[in-house]
Structure formats: C-alpha cells, structure tokens
Number of protein chains: 2
Amino acid sequence: MPVANPHQHPPSAIEEALDVLRQHGHRITAPRRAILHALIGRGEPGTIEQLHQAVGTDGCDLVTVYRCMDAFEKLGLVRRSYYESGTCLYEYQPPGAKEHHHHIICRSCQRVETLDLCVVEGLEKLVRDRGYHKVSHLLEFFGTCPDCFAAEQERS
Amino acid sequence: MPVANPHQHPPSAIEEALDVLRQHGHRITAPRRAILHALIGRGEPGTIEQLHQAVGTDGCDLVTVYRCMDAFEKLGLVRRSYYESGTCLYEYQPPGAKEHHHHIICRSCQRVETLDLCVVEGLEKLVRDRGYHKVSHLLEFFGTCPDCFAAEQERS
DNA sequence: TTACGTGCAAACAATTTGCACAACA
DNA sequence: TGTTGTGCAAATTGTTTGCACGTAA
C-alpha cells in the first residue's frame, strides 16, 4: 500500500483554504486565489519566487506573494521551511493538520522529497523541561539526490 | 558531575586553530588572530555581526569576517547553524571534533543554549537508504527562554 | 619578492515598508 | 462606502564580488 504524498491535496483544498480566510475576516481576491492555486497544485514546497512564477509574473506582484504567505502562515495554512542557504520554502498545510513532516532537499537540483515522520517531538519535551515556552523546531536534511549523484559520476 | 560546556575551549585552542591554518598553507594575519580570539573566547555561537563587534569595528572589516568564516568553515574549524530567520550562526569546532550538537535559540533575546546530543544521526541512514549522498542535516530548536517568558508574564 | 589577504566600494539577492490607488464586502 | 488588499518604488538587511594595495612567508 503506497503511502499518500502529504503534498498532494484534493481539489476541494482551495475552497477549504478560502473558507479559513473568510472565517478570519479576510477578503477573497484574485491574487489570493491564484497563489493558493499555485501553492496547493504544486504538490511540493516552493519558494516565493517559484510561486510567483507559477502565478504568472503579471498574475500578481512579487510583494503580494510575500504578503499573502505571511498572512497564510499566521492562519496556519502554510508551513515554512528553509534551504541550507536560508531561503524560505513554503508548503500548504490543510486546516487543522497537526502532524508535520520533514524534507530531504537536493543541493544540486533543489528537489524536495518528504520524510514522512518526525522523531524530534520527543526532544521538544526536553527543551520545555529546561523552561522554554512556545517551542518549535527546524529539521531539514540535505544531500545529493540519486539522479544528481549519477550525473556527477558520469561527468568524472 | 557537571557536563562540560561544548562552547568552552582551553586557551591553547587559538594556537591549535592557527596550526590548522598553517598546515593548509594559509597565512597568519592580525585579523585572523583577532577573529579566532573572538570566536573561541565567545563561549557560544555568534553571528558575523557579533563577531565583527567583538573584534572591534576598526579591528577589521566586516567583509574580512565573512571571508575568514568561509575559510575556517572549509577547514572544519567552524560549524554553521541558523536562526529561524535564516541568519547564520558560527561556532568554533576544535580540529578533529566529530560529534556535533544542536541549539535552543530564544526568539526574544537570541540566547543560544546547547542541547548536547543528537538523535538524528539514525535518520540520516534512512536518507542515505533512499539513495542520497553527502547527507547532512540542520536541526535547531526555537522557543522563549525562561527569563524572557517571565518578563513577558510581568508585562501583562 | 610574490602570492595571498585585506579594505573599500559597489553589486546582489531576499525581504520589508510607505504610500496612493483599486476593489471586496 | 469604508476598509482591506495591491502595485510600484524605494529602503533594508545580509552577503558577495572586483580591484588596487599591503603584508606574511
């Protein structure tokens, strides 16, 4: 039995997300629809730049993508992760989703794969035991993916 | 028996680091001495900016700190980690040190504490099993430290 | 003496902010 | 119609690069 890709979302996901916006008194605009469409349809995490491209450079301004992602993040509709370089990666998170996962990011082709588990939850308790509050963590794996590695081998 | 602070280094550490530079054909300069001094004496990870301040704004140029940290990182003398914002944090790593640790970073005061263990090593095998090469990972915890939390409580 | 390192200025990239205009509710 | 969202331009922040000069080996 194949494991469901956590980056795959049903067509209803967009409406679901729009509802969350409405529930919080936010307006539904063309750019927001377009960005959500790009984000949800993408099937894997993307950078602001990639989302902007997907929406179409004339679809909306780059700044609008930044502002929307900020808003979506506050509503819990997106999760943010990071490249080794520090660049942000955004991915859609269905409303109410609690479980989270981590990524394997190829340093060569920037491909993002999903590691569908998180062993770090336990460690967070350790951190809370030290007196910290609002604890969160950031865990990403980096490596050269099989394809890029093969390509490297051929070249040499 | 108290656990040694992995950010505390003996006075000989600077000479040790300078030797590594020499062994790799790098020159010993006043800025490099000063930066190593700041880095090793600091006792916890710091940003480029903080190291530059420690060296003294007129001690050397900010650019030189960037370039030295790059060089030191290539020699394995420093490890890099990241704030949630993506800003880099550097810390001295004694030559030959293999074991690595992770951090708890306070979102308010930016204090960095050490979590002297790493449970993620095992997961890296999982990533390698998927065909990835040169695998590394990034794991940081963020939270509000006890002091900052208390301060927050008082204010409200 | 000669390659390597540094300072300074300028380029760059990613992100944020200010402000006037546009458009959802 | 009033407020929220958007576009455009410009400011910020963190980092990198080019080039002439200085200096460790």
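- Linking ILVMFWY side-chain heavy atoms closer than 4.5 Å, directly or via other members, places B:L75 and B:Y66 in a single hydrophobic cluster.
- Checked by atom type, the side-chain pair B:E91/B:H103 shows a donor-acceptor distance below 3.5 Å.
- Side-chain contact annotation: A:Y132 with B:E113, donor-acceptor N/O pair under 3.5 Å present.
- Distance A:H24 NE2 to D:dT4 C1': 16 Å, rounded to the nearest Å.
- With hydrogens and angles left out, the side-chain atoms of A:E140 and B:H137 include no donor and acceptor closer than 3.5 Å.
- Residues A:F142 and A:I104 are not in side-chain contact: their nearest non-hydrogen atoms beyond the backbone lie 4.5 Å or more apart.
- With rounding to whole Å, A:Y82 atom OH is found 15 Å from D:dG14 atom C1'.
- Within residues 53-78 of chain B, the residues approaching DNA chain C are B:C60, B:D61, B:V63, B:T64, B:R67, B:C68, by heavy-atom distance under 4.0 Å.
- A salt bridge is defined here as a Lys NZ or Arg NE, NH1 or NH2 lying under 4.0 Å from an Asp or Glu carboxylate O, and B:R67 with B:D70 fails to meet this definition.
- Listed by chain and residue number, A:D129 satisfy the salt bridge (charged side-chain N to carboxylate O under 4.0 Å, His left out) test with A:K125 (two or more places apart in sequence, or in another chain).
- Going from atom CZ of A:R32 over to atom P of D:dG7 covers 11 Å, rounded to whole Å.
- Distance CZ (B:R33) to P (C:dG5): 15 Å, rounded to an integer number of Å.
- A:H52 has its NE2 atom 16 Å from the C1' atom of C:dT16, to the nearest Å.
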Original post:
How does protein reach along nucleotides 20-25 of chain D, written 5' to 3' as B (base within reach of a heavy atom under 4.0 Å), S (only sugar-phosphate), or - (no contact)?
Top reply: ---BBS
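- Note: CG (A:L18) to P (C:dA25) measures 10 Å, nearest angstrom.
- At a threshold of 4.5 Å between non-hydrogen side-chain atoms, the residues A:V20 and A:F72 do not count as touching.
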